[in-house]
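Have a look at the structure below before the remarks.
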Amino acid sequence: MGVTNAFSSAYHHIQRKRDILQLVSSAFAWIYSRAPNIRVIDTYLMEPCADKAQGYAFRNMMHTDNNTGVSEIYSSPATLRRRDNLFRDYLFKCADSSEVITTDAYGERHIAVPIRDHTGRALGVLDLNTGHCRELPPHEYQDLQKMLQMLQEACNELLDDQRFKDTAKEAVLEAEQVSGQRKVGVLFHRFMLQDLRHCVSKLDHQSFAELKSYKEPPVMVHSILKAVLLLFFPEWDESEEIHSWNQCKLKVNSDLIRKILSFDPTAQYVRSNPEILTKYIKGRNSALTTMHALKWL
């Protein structure tokens, strides 16, 4: 029995690390094009030292090149101990306090952000390297804050699911009705989608009137509306209607809001083509690219 329990504990520990890394990788894939001043990100997870007097050590689990959004998970992660890494002491300070630490190391700016468990204690640290950029531009900082908030909320749910395995939760997305890596793979994007739904639910008739008042809208406004409409009317692709602002704005009503609030990008009935949507949303809108990412998963 003791061997079985030890094996089960070890298995779940490994699975938890794998799931957390997948969550983090999804979040980094979302942020990379939105915060180009973040150069690289290293993900460290904590584990107890064999010598209890030393407390814990870090394992450098994953390296992300923010120029490409590609993450590499190390098969043999390096171990960082406090006594051997004085120039990375900011990582340990971040974990000890479970607070964000901003500092300079090796001539570059670093932002250390904790990943917390349900008690608020750090499980690991994200080390964001902004190079010689001392302060992120406001729009990049705002997107980073949103990403970190959604990542922590997704992590909380992941850890709660592992703690309360016998408590069934109603799936928000069709893709979450399965278990395993696909379910974890959509979790971060599902939180982003729920945040979008919350924002859309606040729109009122005054908001519709303001949008419809445009005679010639900014290109970005029309492009985003095109992408939204093509989610629900894919037959409009390359039609006269989709390129006509007068036709598009007729669809901006309470029915469109209801469609957005109930839309599940992972459902089998969805017929939209992600490649078509890319023409309109690439580099334009955070929330819509969440829908786009979910459709690809």
| query | Does any N or O in the side chain of Trp245 come within less than 3.5 Å of the main-chain N or O of Lys212, such that one atom is a donor and the other an acceptor? | reply | no

| task | Apply side-chain contact (heavy atoms from CB on, under 4.5 Å) to the pair Leu21 and Leu23, showing each step before the final yes or no. | result | CA-CA 5 Å; Leu21 290 176; Leu23 271 183; over 6 Å; no

Any idea how [X] and [Y] line up, ring-wise: parallel (<30°), tilted (30 to 60°), or perpendicular (>60°)?
| X | Y | answer |
| --- | --- | --- |
| Phe188 | Trp30 | perpendicular |
| Phe58 | Phe92 | tilted |
| His110 | Tyr90 | tilted |

| query | Which residues pass the salt bridge (Lys or Arg N to Asp or Glu O under 4.0 Å) test with Arg116, sequence neighbours left out? | reply | none

4.5 Å side-chain heavy-atom contact, [X] and [Y]:
| X | Y | answer |
| --- | --- | --- |
| Val125 | Leu45 | no |
| Ile115 | Cys155 | yes |
| Tyr74 | Met61 | no |

| message | Under a 4.0 Å threshold between the charged nitrogen and the carboxylate oxygen, would Asp127 count as salt-bridged to Arg88? | response | no

| query | Quick one: do Glu176 and Arg190 make a salt bridge, cutoff under 4.0 Å? | reply |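 Arg190 and Glu176: salt-bridged.
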
| With a distance cut-off below 6.0 Å to the six-membered ring centre and an angular limit of 45° from the axis, does Lys251 pair with Phe233 as a cation-pi contact? | yes

Donor on one side chain, acceptor on other, [X] and [Y], under 3.5 Å:
| X | Y | answer |
| --- | --- | --- |
| Asp96 | Tyr56 | yes |
| Ser98 | Arg121 | no |
| Asp264 | Thr266 | yes |

| Identified side chain to side chain donor-acceptor pair (under 3.5 Å) partner of Asp19 from the options Gln15, Gln22, Arg16 |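 One option only clears the test, and that one is Gln15.
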
